[in-house]
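All remarks here apply to the structure that follows.
Only a predicted model underlies this, so the values are computations on that prediction, with no experimental measurement involved. Counting starts at 1 for both ligands and their atoms, in listed order. When a residue number appears, it is its place in the shown sequence, counting from 1. Worth knowing before you read on, the calculation uses all heavy atoms, side chains too, and leaves out hydrogens, waters and symmetry mates.
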Amino acid sequence: MSDKIYDVAPEWQKRAFIDNAKYEQMYAASVADPDKFWAEQAKRVDWIKPFTKVKNTSFAPDNVSIKWFEDGTLNIAYNCVDRHLAKRGDQTAIIWEGDDPKDDKKVTYKELHAQVCKFANVLKAQGVKKGDRVTIYLPMIVEAAYAMLACARIGAIHSVVFGGFSPDSIAGRIEDCKSTVIVTADEGVRGGRKIPLKANIDEACDKAGGVTSVIVVKHTGAAVNMKAGRDVYYDDAVKSVSADCPCEEMNAEDPLFILYTSGSTGQPKGVLHTTGGYAVFTAMTHQYVFDYHDGDIYWCTADVGWVTGHSYIVYGPLQNGAITLMFEGVPTYPTNSRFWEVIDKHQVNTFYTAPTAIRALMQAGDEPVKKTSRKSLRLLGSVGEPINPEAWEWYHRVVGDDRCPIVDTWWQTETGGILITPLPGATKLKPGSATRPFFGVKPQLVDAEGKVLEGATSGNLCIADSWPGQMRTVYGDHQRFVDTYFKAYPGKYFTGDGCRRDEDGYYWITGRVDDVINVSGHRLGTAEVESALVAHPKVSEAAVVGYPHHIKGQGIYAYVTLMSGEAPTEDLKKELVGWVRKEISAIASPDLLQFAPGLPKTRSGKIMRRILRKIAEDDFSNLGDTTTLADPTVVDDLVNNRQNRA
Ligand code: PRX
């Protein structure tokens, strides 16, 4: 913890939409009368048919039901594109910066409109109709935004799969939502390295079945296998379609997208977001949290494969008529100065990134930052994991030249948008704290028994009532939605995070309290990594835990028991790490892997993760009570053969 406090600078109080008095007044109004507050906020969206009902939500475990603006109709692609044409048709909508610094382009709102309409007609020509699921597996190229908005335009539900996921992971997601149409590219490029996207899709389609159409965007121009009757190049398909495509009229509660995310048990679940509430909430949070004014140049470095890319590269900014930058590359290519060079090149005003990137760049020292100007920067943002005060201070002092406030935004795939955050014109900053709730958000800290804790305290973070951007269900499995989020503390949404509230009512997220780990801002279920490991023919059992990692936030520590007769060699270790990479993704591959002849289990066979976590954290002096273990001697072997974290 840091005890420094950064006041709001006078120029920010003047410039910002929300100062502290306004925050207090609006927050009080938002929780006192949500219907009135959100009806007013919903005016920022253009509705086709206005709603008459605002909030209709229940968190009761036997009746979890979340509906906002339920009798209104709208189209979010219209809100992102068409409605801006009259006023800002010739203004840039998207600045694209390629992996290679020589590659960039700008797309105006008028061009975006034409491209989205054409893309929508290509989808229609492939048979896509309202309600159909379309899987999008693209690199960070403008076509990713076109494809998402094209789906939204015709009422199809997109499921974007991060370009780093393996064929197996893609296949699981295609099967889960039964999507028959895929949009991909020949290859992606990151940090100069090619990613064989189309080849991955071919393999995924072999595993999943049911895919009738693969639309391939030419990006690098590499020759790829095209299956006759199934695969079509976008460039060819687009030749025969018109640039005119009306927007489908969508009910506020019609699904907009599915995004798969990891939980503490089982395979990733399809988080379902709907149209109206998500539109209002992402537009509003984008405007207020980033204090977005017309003409500002805004850059969020996330990938569209994650929720941050959905809400704060595409839907939030474009609804606000913003200039949003999309970056294909990585922070370290060609050099450690890349982020800052892009900021200078495009005169970026607002920069939003993840703590893991900040920590990695901090290691490279100040010089790669200081040799750039960054004079255009006004506001910095952080998302995805707790930011340690040292990284926060470095970001503030070195990147922001002590001039730019930092908004540390806490939220989740499930929340659709930012829930706890500073507002730059209103909130005094404390390094490492996500500070205060956004409008309409009622955080509560509860103890293990569910008792609500008051005042300065620590506990499990719940949200007491619904907000418009909240997920509506787990696609195809409403019971899983109820069980995951509403069972532990009945009547509340449980976030899975631990949190502290200080004397000023500031919130400090301490990280997950369930079996989810956060590796470089990427969320992984330990169960997923374990099930990948046990799928290897030589592995009998596996247990995976997180441990503190100085750059990634958390690293992955895997304990593996081999089939009897298998030798625990260094080669096998490498093979298993590579296996997980292939089964899930590079982000899931264990940092440390230890062969364990036995795992610490209770007599009823439950693995005692607490002990495994302590050993992984190098905190094995006090392992607590081990007498309840079926075989307490396994612990000595685990401690003696622990892997070196350095
Ligand atoms: O543990 C919290 C952490 O990331 C989790 C959500 O991950 P995901 O659904 O992938 O969404 C990430 C981008 C919104 C949370 O449960 N997290 C996210 N932002 C923060 C954070 N932890 C601390 N501080 C944050 N600002």
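- Aromatic pair W340/F351: centroids less than 6.0 angstrom apart.
- Less than 4.0 angstrom separates some heavy atom of N518 from each of these atoms of ligand 1: 3 (C), 4 (O).
- Residue contacts with ligand 1 for P386 involve both N, CA, C or O and side-chain atoms from C-beta outward (heavy atoms, distance under 4.0 Å).
- E530 has a carboxylate O that lies under 4.0 Å from a charged side-chain N of R609, or vice versa, which qualifies the two as a salt bridge.
- Electrostatic pairing of D619 and K614 counts as a salt bridge here, judged by a charged N lying under 4.0 Å from a carboxylate O.
- At a heavy-atom cutoff of 4.0 Å, ligand 1 is contacted by the backbone of E385 but not by its side chain.
- For atom 13 (C) of ligand 1, the closest non-hydrogen atom on the protein side is T308 OG1, 3.4 Å.
- A side-chain contact (heavy atoms from CB on, under 4.5 Å) with W299 is found for exactly one of I343, L377, T350, namely I343.
- Counting heavy atoms closer than 4.0 Å to ligand 1, residue T413 contributes atoms from both its backbone and its side chain.
- Atoms of ligand 1 found under 4.0 Å from any heavy atom of I509 (numbered from 1 in listed order, with element): 22 (N), 23 (C).
- Residue S382 has no nitrogen or oxygen atom sitting less than 3.5 Å from a nitrogen or oxygen atom of ligand 1, judged on distance alone.
- A salt bridge links R523 with E414; the closest basic N to acidic carboxylate O contact falls under 4.0 Å.
- Set against the non-hydrogen atoms of W411, the atoms of ligand 1 under 4.0 Å away are 6 (C), 14 (C), 15 (C), 18 (C), 19 (N).
- At least one heavy atom of G384 sits under 4.0 Å from some atom of ligand 1.
- Every atom of ligand 1 with a heavy atom of V383 under 4.0 Å away is listed here by number and element: 13 (C), 14 (C).
- With ligand atoms numbered from 1 in the order given, ligand 1 contributes 6 (C), 7 (O), 8 (P), 9 (O), 10 (O) to contacts under 4.0 Å with heavy atoms of R523.
- Y493 has its ring centre less than 6.0 Å from the ring centre of W467.
- Centroid-to-centroid, the aromatic rings of F290 and Y298 come within less than 6.0 Å.
- Under the 6.0 Å cut-off for aromatic ring centres, F439 and Y23 qualify, their centroids lying closer than that.
- For ligand 1 and T409, the ligand atoms under 4.0 Å from any heavy atom of the residue are 19 (N), 20 (C), 25 (C), 26 (N).
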